[in-house]
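In what follows, every heavy atom counts, from backbone to side chain, and hydrogens, waters and symmetry copies are set aside. Here the structure is a predicted model, which is why all the values come from computation and not from measurement. Below, read A as the first sequence line, B as the second, and so on, with proteins coming before strands; counting in each chain starts at 1.
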2 protein chains.
Amino acid sequence: MAVDRLYALLERLGNLLRTEERAAGLRHGLQPVHLQALRYLQSCNRYSNTPAALTEYLGLTKGTVSQTLLLLEEKGLLRKQPDTEDRRVVHLLLTEDGRAVLKEALPPELFKRALSGLPGEGEVLEATLTGLLRALQTANAQRSFGACGTCKHFQREGPGRFRCGITKEPLSREDSQLLCREHEAVPPGA
Amino acid sequence: MAVDRLYALLERLGNLLRTEERAAGLRHGLQPVHLQALRYLQSCNRYSNTPAALTEYLGLTKGTVSQTLLLLEEKGLLRKQPDTEDRRVVHLLLTEDGRAVLKEALPPELFKRALSGLPGEGEVLEATLTGLLRALQTANAQRSFGACGTCKHFQREGPGRFRCGITKEPLSREDSQLLCREHEAVPPGA
DNA sequence: CGCATTTAGTATCGAGTCGATACTAATCGG
DNA sequence: CCGATTAGTATCGACTCGATACTAAATGCG
């Protein structure tokens with residue numbers, strides 16, 4: 001029974017957020033999925049700003065995402081930059097307009113206000129929901145897209161000096177907070 | 001910052017649930033919104049099983065919901081029963097087939113398993129999310145659709161004997177657990 | 001009562017998402 | 001060097017959703 005109620009709650013919250021996103025995007029002629037794409041591109045790292053990574057993040061097919069990106073590019077909210085190493089790959093970079101739209105639209109004002117009324121700043125809620133999300137993602141064989149600094153390949157070399165164990169490249173403090181498609185959570189008890 | 005992370009979390013959970021609903025509905029030729037409609041109709045009370053109530057619940061327009069209901073009726077998952085008092089109103093009743101589809105599809109198996117791995121049974125999570133949902137609903141001037149027994153018009157007359165302060169009708173214990181479109185939360189400190 | 005207003009629900013249309021399929025081009029692997 | 005894989009695009013059809021317009025029943029106010 002508690003499972004059913006929790007499911008209903010999450011479903012309803014998801015619907016509400018979508019409705020708000022729809023309203024927020026309407027002002028710019030954007031759909032919910034467009035805002036979600038922009039938000040992802042704003043918070044992912046330089047290894048993860050590609051159509052393929054966005055496809056995995058959104059859980060859609062690559063054809064669908066390709067259309068989404070076409071529209072965003074036409075509107076001038078992002079631009080495509082060919083990868084210098086692998087010429088099949090393009091990188092998606094937000095334009096100033098894209099950043100401006102996001103800043104104006106997300107998260108919705110109503111959400112911020114509703115959240116401010118919650119007790120305790122929501123750290124516990126964030127931790128619980130993260131756990132739930134991880135469980136669902138592993139169950140669906142999906143990637144976690146967590147912050148770089150919480151990955152098991154993240155190496156600390158000194159104060160403010162980090163390195164990625166996969167690419168072997170150095171990482172800044174800002175890098176460590178961005179989402180990565182290669183992210184794997186640190187195994188419990190490490 | 002915490003607000004942004006929480007927003008992203010809820011958005012992602014919502015997307016995941018939609019994806020799972022899409023997969024679950026595919027087996028019956030149903031879309032996510034169809035399963036959501038069926039689930040609502042299964043858990044709402046006799047005052048709230050109308051197209052108008054469902055429209056408010058889902059946050060869509062009545063035209064959209066009308067189409068959804070047409071499809072569900074054609075598939076034999078629900079039937080329409082004219083109201084005896086107000087001849088503009090119809091009541092939506094799940095058929096046996098409708099109930100069977102729901103039982104098979106919702107909540108998704110993966111969700112149940114993921115939740116079972118969470119610490120502490122989720123009562124705290126349920127309470128927190130309910131609070132967040134209520135806050136968002138009041139901010140959007142939406143109805144809460146809470147369980148009848150948690151409404152400020154719910155009257156206790158004895159063990160297992162209740163009454164609705166609006167309709168003045170008696171309510172059973174089962175009635176008290178169903179969702180109502182007229183639901184208003186008990187004001188804090190009552 | 002009588003008539004305008006409101007409410008419940010339906011019908012239709014167009015814009016847009018999304019998955020499926022098929023395709024090109026580049027890279028990888030033996 | 002050539003088949004297999006991977007990144008991305010193009011096109012099509014099914015479907016959702018909002019907007020608009022509509023009917024029918026109830027309500028309210030003079």
Q: Rounded off to whole Å, could you give me the CG-to-C1' distance for the L35(B) and dC15(D) pair?
A: 15 Å
Q: Give a yes or no on whether the backbone of P51(A) and the side-chain of T55(A) come within a donor-acceptor separation of less than 3.5 Å.
A: yes
Q: Heavy atoms of chain B, cut-off under 4.0 Å: which first and last nucleotide of DNA chain C, 5' to 3', fall inside that, if you could look?
A: dT7(C) to dC13(C)
Q: Name the residue closer to the 5' end of DNA chain D, choosing between A53(A) and R18(B) according to the nucleotide with the nearest heavy atom.
A: A53(A)
Q. To the nearest angstrom, how far is L30(B) atom CG from dC15(D) atom C1'?
A. 13 Å
Q) Base, sugar-phosphate, or nothing: which does H91(B) touch, judged by heavy atoms less than 4.0 Å apart? A) nothing
Q: Select from H34(A) and K62(A) the residue whose nearest nucleotide in DNA chain C is closer to the 5' end of that strand.
A: H34(A)
Q. Taking atom C1' of dA7(D) as reference, at what distance in whole Å does atom CG of D86(A) sit?
A. 7 Å
(Q) Both V33(B) and R88(A) contact DNA chain D. Which one's nearest nucleotide lies toward the 5' end? (A) R88(A)
Q | Residues within residues 64-84 of chain B bordering DNA chain D, heavy-atom distance below 4.0 Å | A | T64(B), Q67(B)
Q. From S43(A) OG over to L179(A) CG, what is the distance, rounded to the nearest 0.5 angstrom?
A. 4.5 Å
Q) Is there a donor-acceptor pair under 3.5 Å between the side chain of N15(B) and the backbone N or O of R12(B)? A) no
Q) When you measure from the side chain of S144(B) to the backbone N and O of R134(B), does any donor-acceptor pair fall under 3.5 Å? A) no
Q) Measuring from R163(B):CZ to E157(B):CD, what's the distance to the nearest 0.5 Å? A) 4.0 Å
Q. Is the number of heavy atoms from other residues, nucleotides or ligands within 6.0 Å of CZ (R173(B)) greater than 12?
A. no
Q: Would you please classify the geometry between the Y57(A) ring and the F145(A) ring as parallel, tilted or perpendicular, with 30° and 60° separating the classes?
A: perpendicular
Q) With sequence neighbours left out, which residue pairs that include part of residues 146-155 of chain B fulfil the side-chain hydrogen bond (donor to acceptor under 3.5 Å, both in side chains) condition? A) T150(B)-H183(B), K152(B)-E184(B)
